[in-house]
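Below is one structure, written out as structure tokens, with a few remarks after it.
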Amino acid sequence: VIPVRHLVVDNEAAQALASTRQQHRKRAQVLEAVMAANGRRVVPTAVRVEAGWRRRDPLAAVANRQIPDDDVLDAAAADRSVELRRAVPLASVVDASIVVAAERVGGTGDVVEVLTSDVDDLRALAMHSSLDIDVVLL
Amino acid sequence: VSELDEFFAVLAELGEGQAETVATSIRQPEALRRAAHLATQLGMDESVTAASNRALEDRLRAFARHRAIVAHLDRFPEDRPSLAGVAGRRVRGTGHPAARRPDLVADVARWLERRRLDWAVATDADQVVDSVLDHVAMLVDGVGHRPAAAG
């Protein structure tokens with residue numbers, strides 16, 4: 001059985017999607033990840049703030065199309081982020097929100113790819129999750 | 001704002017549960033209507049309305065995904081990934097047999113890519129990727145033959 005693969009992106013991936021250069025190695029890698037994801041493609045709202053990604057900006061069109069869903073940092077996500085940061089104090093709020101988004105998007109038996117430039121902190125956080133999170137370096 | 005971007009914005013509203021409901025009158029085949037009622041009674045969905053909405057939403061999201069990739073590759077053709085890259089990534093970090101056999105993924109993908117040059121922008125791109133993985137799983141189980149190396 002081919003598992004369901006979801007994708008959660010970080011700031012670096014968001015920045016890559018915002019690039020208008022004809023050739024962009026990281027943007028190409030993001031597109032490969034998008035096409036490999038047969039489940040949902042999600043950006044945590046905290047990542048959007050960090051990346052300056054405003055959904056209504058015309059320049060955000062490419063990113064909006066490829067990563068259409070937000071994971072909102074609501075009260076429940078904030079509580080879970082606090083738990084994760086207690087376990088990995090060096091991790092940032094944004095890093096914790098990425099793992100929380102992964103936990104919320106993934107179901108039993110699913111894999112969630114986290115595409116990031118910060119693999120160390122995210123792998124450390126992912127170790128505290130019961131979900132199968134594949135942290136991939138961008 | 002282009003029609004395509006407006007389409008994505010409306011889909012986002014749908015995902016956020018902000019969309020209002022409206023009553024519509026759709027003409028549909030009588031047999032389809034009866035089949036939907038019976039399937040609902042058998043437990044497919046909570047109602048025919050829910051089943052219809054779910055089916056239409058699934059189709060719209062699949063169409064949106066396809067159009068997003070077509071638009072992206074039209075603007076940035078250099079971003080086009082290889083079929084082997086996408087197939088291998090789909091099962092990365094999983095127990096699928098193809099995750100352990102990147103060599104077979106590469107061979108099968110190369111064989112299929114030669115026959116489906118347009119796979120990345122095809123409406124069935126996801127199925128093409130899955131067909132690579134299914135074929136590799138069969139080969140790992142000893143069914144069928146490994147495709148000849150690309151010429």
Side-chain angles (χ1 to χ4, degrees), chain A residues 1-7 16-17 19-43 45 55-72 105 109-115 123 126 131-137, chain B residues 1-2 4-16 60-62 64-99 119-122 125-134 136-137:
Chain A
V1 177
I2 296 166
V4 175
R5 187 177 188 87
H6 309 279
L7 175 67
L17 283 172
S19 171
T20 55
R21 278 174 23 209
Q22 267 307 304
Q23 290 190 354
H24 195 290
R25 185 185 59 79
K26 288 186 177 179
R27 190 186 58 222
Q29 199 186 333
V30 176
L31 188 71
E32 182 183 282
V34 164
M35 292 182 71
N38 52 358
R40 292 181 62 202
R41 291 150 287 138
V42 170
V43 58
T45 48
R55 289 275 188 199
R56 292 176 187 277
D57 286 345
L59 286 176
V62 171
N64 287 346
R65 292 170 192 167
Q66 301 304 347
I67 313 290
D69 295 334
D70 286 337
D71 185 76
V72 178
V105 77
D110 296 353
V111 176
V112 183
E113 173 173 340
V114 168
L115 188 55
R123 282 186 181 145
L131 194 75
D132 201 353
I133 299 176
D134 185 19
V135 180
V136 181
L137 175 67
Chain B
V1 179
S2 72
L4 184 60
D5 292 325
E6 192 182 346
F7 171 51
F8 276 87
V10 175
L11 271 186
E13 279 180 36
L14 191 59
E16 291 162 9
L60 287 168
R61 291 197 183 283
R65 175 174 166 80
H66 171 247
R67 285 300 301 263
I69 288 164
V70 169
H72 187 105
L73 291 176
D74 189 45
R75 186 170 176 195
F76 304 113
E78 301 283 338
D79 287 357
R80 183 190 165 103
S82 69
L83 180 54
V86 175
R89 196 173 192 125
R90 182 162 289 179
V91 292
R92 201 191 115 111
T94 74
H96 191 280
W119 75 270
V121 292
D126 270 330
Q127 287 75 28
V128 175
V129 174
D130 287 348
S131 69
V132 171
L133 299 169
D134 286 340
V136 170

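Lettering follows sequence order; numbering is per chain, from 1.
A/Val135 touches chain B through its backbone: at least one of N, CA, C or O sits under 4.5 Å from a heavy atom, while the side chain does not. Of the two parts of A/Ala33, the backbone and the side chain both hold a non-hydrogen atom closer than 4.5 Å to a non-hydrogen atom of chain B. Proximity to chain A is absent for every atom of B/Leu11, based on heavy atoms less than 4.5 angstrom apart. Within the 4.5 angstrom heavy-atom criterion, only side-chain atoms of A/Leu31, from C-beta onward, approach chain B. In this structure, chain A has heavy atoms under 4.5 Å from both the backbone and the side chain of B/Ala120. Of the atoms belonging to B/Asp130, heavy atoms from both backbone and side chain fall under 4.5 Å from chain A. Neither the backbone nor the side chain of B/Arg67 comes within less than 4.5 Å of any heavy atom in chain A.
When side chains are defined from C-beta on, A/Arg25 counts as touching A/Gln29, because their heavy atoms get closer than 4.5 Å. Between A/Asp110 and A/Asp132, the closest side-chain pair of non-hydrogen atoms is not below 4.5 Å. Within the 4.5 Å cutoff, the side chain of B/Val91 has no heavy atoms near those of the B/Val136 side chain. Taking 4.5 Å as the limit, every side-chain heavy atom of B/Val121 sits out of range of all side-chain heavy atoms of B/Asp74. B/Leu83 places a side-chain heavy atom less than 4.5 Å from the side chain of B/Val132.
Taking A/Glu113 as the reference, A/Arg5, B/Arg89 meet the side chain to side chain donor-acceptor pair (under 3.5 Å) condition, with sequence neighbours excluded.
Options A/Ile133, A/Val1, A/Asp69, A/Thr20 differ in how many heavy-atom pairs under 4.5 Å they form with chain B, and the most are formed by A/Thr20. In terms of heavy-atom pairs under 4.5 Å with chain A, the best-connected choice from B/Arg61, B/Glu78, B/His96, B/Arg80 is B/Glu78. For the options A/Gln23, A/Arg27, A/Arg55, heavy-atom pairs under 4.5 Å to chain B are most numerous at A/Arg27.
The stretch residues 69-89 of chain B participates, sequence neighbours left out, in these ring-ring contact (aromatic ring centres under 6.0 Å, His included) pairs: B/His72-B/Phe76.
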